[in-house]
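Below is one structure, written out as structure tokens, with a few remarks after it.
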Amino acid sequence: MIRIFNDFSSQLFAGFGWTILSSLLTLVFSLIFGILLALLEVIPNKIANRIGRIYVEIFRNIPLLIIVMFFYLIVPKYFVQIDGFTAGTIGLFLYTSAFIAEIIRSGIQSVSQGQMEGARSTGMTYSQAMRYVILPQALKIVIPPLGNQFVNLIKDSSILAFVAGFDLMYQANAIASVTFDTFNSYFVIGILYLIITMPLSYYMRHLEKKMA
């Protein structure tokens, strides 16, 4: 294990960096887009509700690998050239945002209807009430499932290995193919994934207690 880390440290650090970058990009944009989708599902507009629901149902029920392969194979052939990292990150973003949307939606709907009615009675518009009253409470409620989703996102980023995304799993495959030491190659990668996910899990638990 130590030999692999010493001999392939540059590849490992490169994979670590690409994994962090893909995860951060996906986390930020999927959180923003997921909130927007959740709002589409709950606002008093049937067309918007249908659009949000269709998106969520489609991307929640299609395997992540198929979404990523669509952007890796179909999009460059018929639309615009993108590399494996971009294809994998876009697929991961679309997939994750659907799950985040459902988490946020459930949080919004768990807030008492009286909160909205009370905010509206003070003269707030629907959007103001949602922004300043409902969403802050909903986000507190959904911190635990959001934390789990963020950890899953980092693990799901290993899908980049299938499209030459140069992430940790891609580097593990490359190292194992050279050294023929499959166990230690993937063991080292597992440790690096833990280095990413464990601090995030700890921070989300800390945030949950703080918000409580």
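Note that these values count all heavy atoms, side chains included, but never hydrogens, waters or copies made by symmetry.
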Please check if the side chain of Q128 supplies one atom and the backbone of T125 the other of a donor-acceptor pair under 3.5 Å.
yes
Looking at every non-hydrogen atom in both residues, tell me the closest pair between P136 and M130 and how far apart they are.
CD-O, 4.2 Å
For the pair H206 and Y203, name the ring-plane relationship: parallel under 30°, tilted 30 to 60°, perpendicular over 60°.
tilted
To the nearest 0.5 Å, tell me how far Q113 CD sits from I134 CD1.
7.5 Å
Candidate pair I196 and L168, rule side chain to side chain contact (heavy atoms under 4.5 Å, CB included), full reasoning:
CA-CA 11 Å; I196 303 173; L168 281 172; 4.2 Å; yes
Is there a path from I154 to L194 through hydrophobic residues (I, L, V, M, F, W, Y) whose side chains come within less than 4.5 Å of each other?
no
Tell me whether the rings of F29 and F93 are parallel (<30°), tilted (30 to 60°) or perpendicular (>60°).
perpendicular
Quick one: do L24 and L200 end up in the same hydrophobic cluster if we chain Ile, Leu, Val, Met, Phe, Trp and Tyr together by side-chain heavy atoms under 4.5 Å apart?
yes
Approximate separation, where rounding is to 0.5 Å, of I51 CD1 and Y55 OH:
13.0 Å
Going by heavy atoms in the side chains, are R105 and V42 under 4.5 Å from each other?
yes
Can you establish whether the number of heavy atoms outside R60 located under 6.0 Å from its atom CZ is more than 12?
yes
Main chain of E41, side chain of N49: is a donor-acceptor contact present, judged purely on distance under 3.5 Å?
yes
Would you say the side chain of V133 lies within less than 4.5 Å of the side chain of M116, judging by non-hydrogen atoms?
no
Which heavy atom of A48 sits nearest a heavy atom of I43, and at what distance?
CB-CD1, 3.6 Å
Which atom of A38 lies closest to which atom of A101, heavy atoms considered
CB-O, 3.5 Å
Euclidean distance, I74 CD1 relative to F70 CZ, rounded to 0.5 Å:
6.5 Å
Rounded distance [0.5 Å steps], CG in L64 versus CG in L94
10.0 Å
Is there a continuous path of hydrophobic side-chain contacts, each under 4.5 Å between heavy atoms, that joins F13 to F166?
yes
If I compare all heavy atoms of I175 with all of S185, which pair ends up nearest, and what's the gap?
CG2-OG, 3.6 Å
Quick check: do R3 and D181 have side-chain heavy atoms less than 4.5 Å from each other?
yes
Report the C-alpha separation of L73 and V163 in whole Å, then their side-chain angles, then the decisive distance to 0.1 Å, and conclude whether the side chain to side chain contact (heavy atoms under 4.5 Å, CB included) test is met.
CA-CA 9 Å; L73 299 175; V163 292; over 6 Å; no
Transitive ILVMFWY side-chain link F8 to F5, under 4.5 Å
yes
Show me the pairs that pass side-chain hydrogen bond (donor to acceptor under 3.5 Å, both in side chains) and involve residues 8-25, at least two apart or across chains.
S22-T89
Can you check whether F162 reaches V68 side chain to side chain, under 4.5 Å on heavy atoms?
no
Before you tell me yes or no, could you show the steps for Q171 and F16 under side chain to side chain contact (heavy atoms under 4.5 Å, CB included), namely the whole-Å CA-CA distance, both residues' side-chain angles and the distance that decides it to 0.1 Å?
CA-CA 9 Å; Q171 302 298 344; F16 189 87; over 6 Å; no
For the residue pair I104 and L139, establish whether any side-chain heavy-atom pair is separated by less than 4.5 Å.
yes
Verify side chain to side chain contact (heavy atoms under 4.5 Å, CB included) between L160 and Y170, making sure each step is shown before the conclusion.
CA-CA 7 Å; L160 269 68; Y170 176 88; over 6 Å; no
Just verifying a value: how many Å separate F85 CZ and L92 CG, rounded to the nearest 0.5 Å?
10.0 Å
Reported CD-to-CD distance for the pair Q149 and E102, which is rounded to 0.5 angstrom
11.0 Å
Do you know which two heavy atoms are closest between L40 and G52, and how far apart they sit?
CB-CA, 4.3 Å
Atom CD1 of residue position I195 - does it have more than 12 heavy atoms of other residues, nucleotides or ligands inside 6.0 Å?
yes
Would I189 and M198 show up in the same hydrophobic cluster when neighbours are defined by side-chain heavy atoms closer than 4.5 Å?
no
Residue pair M124 / A129: nearest heavy atoms and the distance that separates them:
SD-CA, 3.9 Å
Would you say the side-chain atoms of N173 and Y186 include a donor-acceptor pair closer than 3.5 Å?
yes
Who clusters with F180? Use side-chain heavy atoms, under 4.5 angstrom, across I, L, V, M, F, W and Y, and order the result by chain and number.
none
